[in-house]
Each structure stands twice: as C-alpha cells, then as structure tokens.
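Quick notes on the structure that follows.
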Amino acid sequence: GLIWISPQEDAEELDKVVESGIKLAIVGPAPLNGEFVNVRTDETLAGRMAMGHLIVCGARRILVVIPEYKRREQATVERLEGVAKAVKDFTDPGLGFDTLYLPNDSAKAHEAFRKHVQKAGAPEGILTLGEQMPFVILPELAALKIRIPEQTRLVGFEENLTFVLTAPA
C-alpha cells in the first residue's frame, strides 16, 4: 500500500497509481475519482483554534495575513471560516480582525505589510495562513521595533523547517 500526502498537484501520477491497483490512502484534499481511503484535516477547526489561541493570549486587534495566491485555496477559505467562528464565539466587543492579502513578490509584500502596520497600528496578534509570510512579517516587525511576543503574538500555518531556526523579532 501507499500513503500519499496532498496529491492535488500530482493528478497525473495519482491517476497512474489508482489505475495500478495499489492500495492507496490519501492525506489531505483528494480527487473525487478512484478507490482509496481519504483522511482530511478539519481546517475550519484549525483556524478557530489558532485564532482562539491569540484571543486567549490577550490579543484583541488581530491581523490575518495571507499570500494573494492562496486567497481561493480551499484550506485558506476553511481556516478563515474558523477564524470568524472564534471571533463570534468570544463576545468581547473590542475583538476584531482584519485580513491582509499580500502580493507574491517578496519586496512588494514587505512594503504592503509595513504600510498596513504604519496606517492601522501594530496588531496585538498576527495569524499567518501561508508558507513564507513569517519571512515577510518578522523583519518588518523588527524594523518597526515591535517585539514578539511582548507586543505582538504570532501564530502561523507554515510547514518550513527554516522557521525553527529563525529567532522572533
């Protein structure tokens, strides 16, 4: 048997495996055709838990940062539903969040994030929903003299081992 994680970008190869008759278990979004076991994460619950963590830690003005190219990705949409649910579940009238979609170009993303913070003020919490966002956010927070976690809390959905080696701002 074979366990395949997030095969949505490998449709042609996945079809070959399904046609071969190999027993297959898919983790993550899966195509509708073929015989296989599918295990999916509850992205709505994940978004709710991440936002709930920021709220429980005292953040009231929260910024959700998403790369533009992930705007319509199913996991992002579901995580945002969870974010909104967490805000609704906590009835504090001072609680709110903004969503900031950043361009794919790194320099433009840095500039857009900096402009947002300069205009709106430093958020008390930041939730990132996309791969490289901490690499955009951390240097900008450092340049603005905003410290993590003392002034801003940062939670993200990133799967990049480099983050383990990166010190917060």
When you look at Q118 and L144, which way does the side chain to side chain contact (heavy atoms under 4.5 Å, CB included) test go after all the steps? CA-CA 9 Å; Q118 288 170 337; L144 294 166; 4.1 Å; yes
If we only count heavy atoms from C-beta on, is the V117 to P123 side-chain gap below 4.5 Å? yes
In terms of hydrophobic clustering (I, L, V, M, F, W, Y; side-chain heavy atoms under 4.5 Å; direct or indirect links), are L127 and L45 co-clustered? no
Give me the atom names and distance for the closest heavy-atom approach of P139 to H110. CG-CE1, 3.7 Å
Can you name the closest pair of heavy atoms from A122 and I146 and give their distance? CB-CD1, 3.5 Å
Hey, is the main chain of R71 close enough, under 3.5 Å, to the side chain of T76 for a donor-acceptor pair? no
Look at the side chain of E124 and the backbone N and O of R61, then say whether any donor-acceptor pair between them is shorter than 3.5 Å. yes
Would you check if I62 and V87 make a side-chain contact, meaning some heavy-atom pair closer than 4.5 Å? no
Do V56 and M49 share a hydrophobic cluster (ILVMFWY, side-chain heavy atoms under 4.5 Å, transitive)? no
Side-chain (T128) to main-chain (M133) donor-acceptor, under 3.5 angstrom: no
Go through the steps for E81 and K85 under the test salt bridge (charged side-chain N to carboxylate O under 4.0 Å, His left out), then give the verdict. CA-CA 6 Å; E81 289 172 6; K85 181 160 179 34; over 6 Å; no
Please examine the side chains of V65 and H116, heavy atoms only from C-beta on, and report whether any two atoms are closer than 4.5 Å. no
dist Q151:CD -> K145:NZ (nearest 0.5 Å) comes out at 11.0 Å
Identify whether V155 and F90 are in the same connected component of the hydrophobic contact network (ILVMFWY, side-chain heavy atoms under 4.5 Å). yes
Closest approach of F113 and L102, non-hydrogen atoms and distance? N-CD2, 3.9 Å
Test item: L63 and T152 side chains (from C-beta on) under 4.5 Å apart, heavy atoms: no
Note: L95 and A59 closest approach over all heavy atoms is CD1-O, 3.8 Å
In terms of heavy-atom contacts, I55 and R60 come closest through O-NH1, 3.0 Å
Test item: R79 side-chain N/O and L129 main-chain N/O as donor-acceptor pair under 3.5 Å: no
Ignoring hydrogens, what is the shortest heavy-atom contact between E68 and P103? Give both atom names and the distance. CB-CA, 4.4 Å
